[in-house]
Amino acid sequence: MLVDSHCHLNFPELAAQLPAIRQAMIDNQVGHALCVSVTLSDFPQVLALAENYPNFYASVGVHPDYEDIEEPTLDGLVTLANHSKIIAIGETGLDYFRLTGDLEWQRERFRTHIKAAIASNKPLIIHTRNAAEDTIRIMREENAKSIGGVMHCFTESLEVALHAIELGFYISFSGIVTFKNAFAIKDVAKQVPLNKILIETDSPYLAPMPYRGKTNQPSYVKHVAEEIAKLRDVSYDEVAAATTENFFNLFKYAKH
Ligand SMILES: [Zn+2]
Ligand SMILES: [Zn+2]
């Protein structure tokens, strides 16, 4: 069994073909998927997925790439997170690649999410791009260690991964690890302890090889697991079992 620890099944290109996507999950033994919220306005659709299907879970949060939208508050996030199928806060974090200029609002929003995760006792889903130093610094300043979480779609260095692990975080690899020229990420996936690794698709984006460039979906997480097994020279079953166990260890409100 595998778990897709990060997907966006409410996005129109996936929502429109949900029955086929769910069948493909069964065919590829992908037992569960975590549907991740990116804005407050899309949250009801994300929650509906988790409410309608026992093997889907949901998170609540506002992605750092969205600037001119309803800003989440600490109380608002805690209130929305108070639901048995909401198992995480995010995705949140910092993205200095997609947006530039004065991004103090991103850092403030990130701090609000960390406070909300601690207050609701649910782990964080952190997105970081071109902003590793500030991300780790804010995680330390806000005591993210007290709640933990996952660094999703990890593309940073081994050093950053080890700092995050020290703060109680897991490292999640996406389809990027299967790309031929992704040498640095392949090396990180080789070296991070297996009991700290999660796998994800981040679908509809970032489809792994051999589907690179196509619409991604949770069943393709199998190719991420295969690549990690190959890189570490261990069996596929070992990677599948470890990443699934890691998922349920981290997201303690998720039931098998
Ligand atoms: Zn992300
Ligand atoms: Zn995402």
Side-chain angles (χ1 to χ4, degrees), residues 3-15 21 30 32-43 45-47 49-50 56-67 69 72 77 86-99 103 105-107 109-110 112-114 117 122-132 134-136 138-139 144 149-156 160-161 164 169-179 182 185 188 197-208 211 214-221 224 243 247 250-251 254:
V3 180
D4 182 359
S5 73
H6 190 117
C7 61
H8 300 286
L9 291 181
N10 61 305
F11 287 16
E13 55 270 59
L14 295 178
I21 284 170
V30 179
H32 302 83
L34 172 48
C35 301
V36 176
S37 159
V38 295
T39 62
L40 293 176
S41 57
D42 86 342
F43 172 70
Q45 302 159 17
V46 176
L47 179 60
L49 284 163
F56 288 164
Y57 308 106
S59 73
V60 62
V62 178
H63 193 291
D65 283 352
Y66 295 83
E67 183 169 9
I69 47 156
L77 287 171
I86 304 296
I87 63 169
I89 305 295
E91 58 182 290
T92 181
L94 303 176
D95 193 327
Y96 298 170
F97 179 80
R98 294 282 291 277
L99 297 174
L103 298 178
W105 62 268
Q106 262 192 9
R107 293 184 285 274
R109 184 187 288 174
F110 183 29
T112 300
H113 281 81
I114 300 175
K122 292 182 178 177
L124 286 154
I125 300 168
I126 294 184
H127 168 112
T128 183
R129 200 158 174 213
N130 275 26
D134 281 4
T135 302
I136 296 286
I138 291 173
M139 286 164 74
V150 56
M151 307 301 284
H152 110 87
C153 195
F154 194 79
T155 53
E156 301 294 333
V160 172
F169 278 70
Y170 289 74
I171 307 299
S172 181
F173 294 99
S174 67
I176 293 174
V177 79
T178 69
F179 298 171
I185 293 305
V188 177
I197 293 181
L198 298 184
I199 52 175
E200 66 173 81
T201 58
D202 204 10
S203 50
Y205 312 117
L206 295 171
Y211 304 107
K214 303 230 165 69
T215 301
N216 201 356
Q217 55 174 291
S219 61
Y220 293 175
V221 79
V224 178
T243 53
F247 178 89
L250 170 61
F251 298 112

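What you see is a predicted model; the values in this text were computed from it and never measured. Order of appearance sets the numbers: ligands from 1, and atoms from 1 within every ligand.
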Asn10 side chain to Gln45 backbone, donor-acceptor under 3.5 Å: no

Checking the side chain of Arg109 only, and the main-chain atoms of His63 only, is there a donor and an acceptor separated by less than 3.5 Å? yes

Has the side chain of Glu200 got a donor or acceptor atom that lies under 3.5 Å from a matching backbone atom of Cys153? yes

Do the side chain of His113 and the main chain of Val62 share a donor and acceptor less than 3.5 angstrom apart? yes

Heavy-atom closest pair (Pro64 atom, Leu99 atom, distance to 0.1 Å) is O-CD1, 3.5 Å

Under 2.8 Å from the Zn ion (ligand 1), how many protein N/O/S atoms do you get? Just the number, please. 3

Do Asp42 side-chain atoms and Thr39 backbone N/O form a donor-acceptor pair below 3.5 Å? yes

The Zn ion (ligand 2) to His8: nearest N/O/S atom name: NE2

